[in-house]
2 protein chains.
Amino acid sequence: MPNPIKKESLSDRVYATIKRQILSGELSGGMLISEEHLASQFGVSRTPIREAIRRLSEYGLVIIKPRSYAMVYEVDDKEVQDIAQVRLALEELTVRSLTPEAVERDIETLSRLAADCQYYMSVGNRAEVFVKDSEFHLELVRCTGNRALYDAYERLDAKVQLLRIAQNLNNDDLPRIISQHPSLIDALKKGDMELSTALMREHVIHSYLSR
Amino acid sequence: MPNPIKKESLSDRVYATIKRQILSGELSGGMLISEEHLASQFGVSRTPIREAIRRLSEYGLVIIKPRSYAMVYEVDDKEVQDIAQVRLALEELTVRSLTPEAVERDIETLSRLAADCQYYMSVGNRAEVFVKDSEFHLELVRCTGNRALYDAYERLDAKVQLLRIAQNLNNDDLPRIISQHPSLIDALKKGDMELSTALMREHVIHSYLSR
DNA sequence: ATCGTAAATATTGTATACAATCAATAGCTG
DNA sequence: CAGCTATTGATTGTATACAATATTTACGAT
């Protein structure tokens with residue numbers, strides 16, 4: 001049958017692209033966003049651009065100053081501790097909610113992501129390490145099956161990624177953090193809540209000690 | 001000088017209005033949303049309506065089925081426990097983050113909201129009790145000064161409000177819950193973390209025991 | 001030269017027109 | 001009558017045009 005490729009709207013594509021650009025640092029914090037500029041850049045009209053920008057604003061990645069301009073959200077160093085604490089609370093709930101069966105069921109993906117982290121670490125690609133680390137933790141949250149938790153975590157993770165970029169991917173503890181993933185998986189598989197929680201707590205805390 | 005009243009855009013006003021209608025139950029879960037219908041209802045074009053709907057979708061209050069329709073988000077009863085657990089995690093972090101000084105500084109507003117709850121309880125207006133209860137807890141979170149926490153809590157609270165409506169505002173423990181507010185304020189003022197946490201935990205847990 | 005004011009310029013906000021897609025209905029075929 | 005196909009109708013997606021507002025530039029007064 002026909003209807004081959006066209007599925008997502010221009011608005012969706014623009015949204016996804018800008019989001020990716022922000023989270024990868026291609027569009028950095030504080031940078032101004034012009035609707036017309038983006039429109040000509042993407043080769044579309046302003047309409048889908050506007051919708052994308054507004055969605056990103058609601059997502060927390062863009063700040064809109066009404067009737068004047070929009071800019072990429074800029075994380076403040078003072079937010080580091082705040083973000084870390086919220087993340088800790090959500091990660092602890094994640095660990096508490098995870099059953100060994102749920103982890104087993106997704107062990108393939110989890111192991112692969114943990115391995116990806118170590119691989120990129122070994123070749124010195126810190127940017128990609130952080131990407132895979134985020135994916136690993138998001139996957140853990142997904143395994144809980146708690147949608148409300150996932151939604152909250154996903155938005156917070158965006159801020160975490162912005163922070164990592166703002167700190168220029170510096171983190172002396174990165175090798176140690178990454179090496180903890182397999183231990184965490186093991187502890188979760190065994191249902192050792194005590195150990196899992198301890199590992200996760202150390203993991204998260206050390207994620208924000210740089211600088 | 002001139003320029004007296006006009007500040008917010010139509011898009012913002014529409015967004016706020018629809019949001020309020022959803023959270024008050026005027027627009028109930030599963031109800032379909034037609035852009036044109038809303039446009040004629042608000043007396044504006046489809047443009048600001050579309051932007052508002054998309055923002056609400058990003059907020060989690062509207063579900064968009066691309067190229068067909070949009071509908072008000074419908075909370076599932078199976079989500080009750082999930083939402084409650086996330087809320088508990090965030091509320092516990094809130095209590096841990098609150099200093100007696102921060103509470104003191106905002107004691108006026110907090111006391112007033114607690115009193116409002118009791119007043120509406122006494123006159124049997126359960127809908128308004130829930131509204132003020134939400135405001136009370138949001139105010140507590142605001143007092144922490146943790147923006148990331150506030151953002152996460154605000155979105156979750158929207159789901160909580162939807163749940164309350166879906167459950168038809170039924171909750172046998174409501175009087176007891178409301179009566180705990182002053183004790184909580186006191187415990188927070190004294191910096192009694194132990195008691196504060198215990199109170200808050202009981203508070204949240206009993207908020208979801210109905211049905 | 002600096003400050004304030006006014007014209008010019010650019011950008012956002014909204015309405016409208018058109019195109020594309022989906023849902024529903026009617027009609028045809030077996 | 002069931003099931004498929006085609007056509008109609010309604011709704012969303014995008015582009016464009018215009019209006020309103022903000023920013024910048026130019027200019028004159030002190």
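Model, not experiment: these values are computed from the prediction. Residue numbering restarts at 1 for every chain, and letters A, B, ... go by the order of the sequence lines.
- Per the geometry, CG belonging to A/Leu10 stands 16 Å off P belonging to C/dA19, to the nearest Å.
- In the region residues 42-54 of chain A, proximity to DNA chain C at under 4.0 angstrom, judged on heavy atoms, holds for A/Arg46, A/Arg50, A/Arg54.
- For the residue pair B/Tyr208 / B/Arg87, a side-chain donor-acceptor distance below 3.5 Å is found, with atom types taken as modelled.
- Taking all atoms of both residues into account, the shortest heavy-atom contact from B/Ile22 to B/Ile165 is O-CD1, 3.9 Å.
- Rounded to an integer number of Å, the gap from CZ of A/Arg67 to P of D/dA20 is 11 Å.
- A cation-pi contact, defined as under 6.0 Å to the ring centre and within 45° of the axis, is absent between A/Lys132 and A/Tyr119.
- Relative orientation of the A/His137 and A/His203 rings is tilted, given thresholds of 30° and 60° on the angle between their planes.
- As rounded to whole Å, 19 Å separates atom P of D/dT21 from atom CD of A/Glu36.
- Residues A/Lys65 and A/Ser9 both approach DNA chain D. Their nearest nucleotides, taken by heavy-atom distance, put A/Ser9 toward the 5′ side.
- Within 4.0 Å (heavy atoms only), B/Ile33 reaches sugar-phosphate atoms of the nucleic acid but no base atom.
- Using bins of under 30°, 30° to 60° and over 60° for the plane-to-plane angle, the ring pair B/Tyr59/B/Tyr15 lands in the perpendicular bin.
- The CG-P distance, from B/Leu32 to D/dT12, rounds to 9 Å in whole Å.
- The CD-P distance, from B/Glu35 to C/dT16, rounds to 15 Å in whole Å.
- When the nearest nucleotides of DNA chain D are assigned to B/Ile64 and A/Ser68 by heavy-atom distance, the more 5′-ward of the two goes with B/Ile64.
- Residue A/Tyr15 contributes atom OH, which lies 16 Å from atom P of D/dT14 at whole-angstrom precision.
- A side-chain donor from one of A/Asp157 and A/Ser134 sits under 3.5 Å from a side-chain acceptor of the other.
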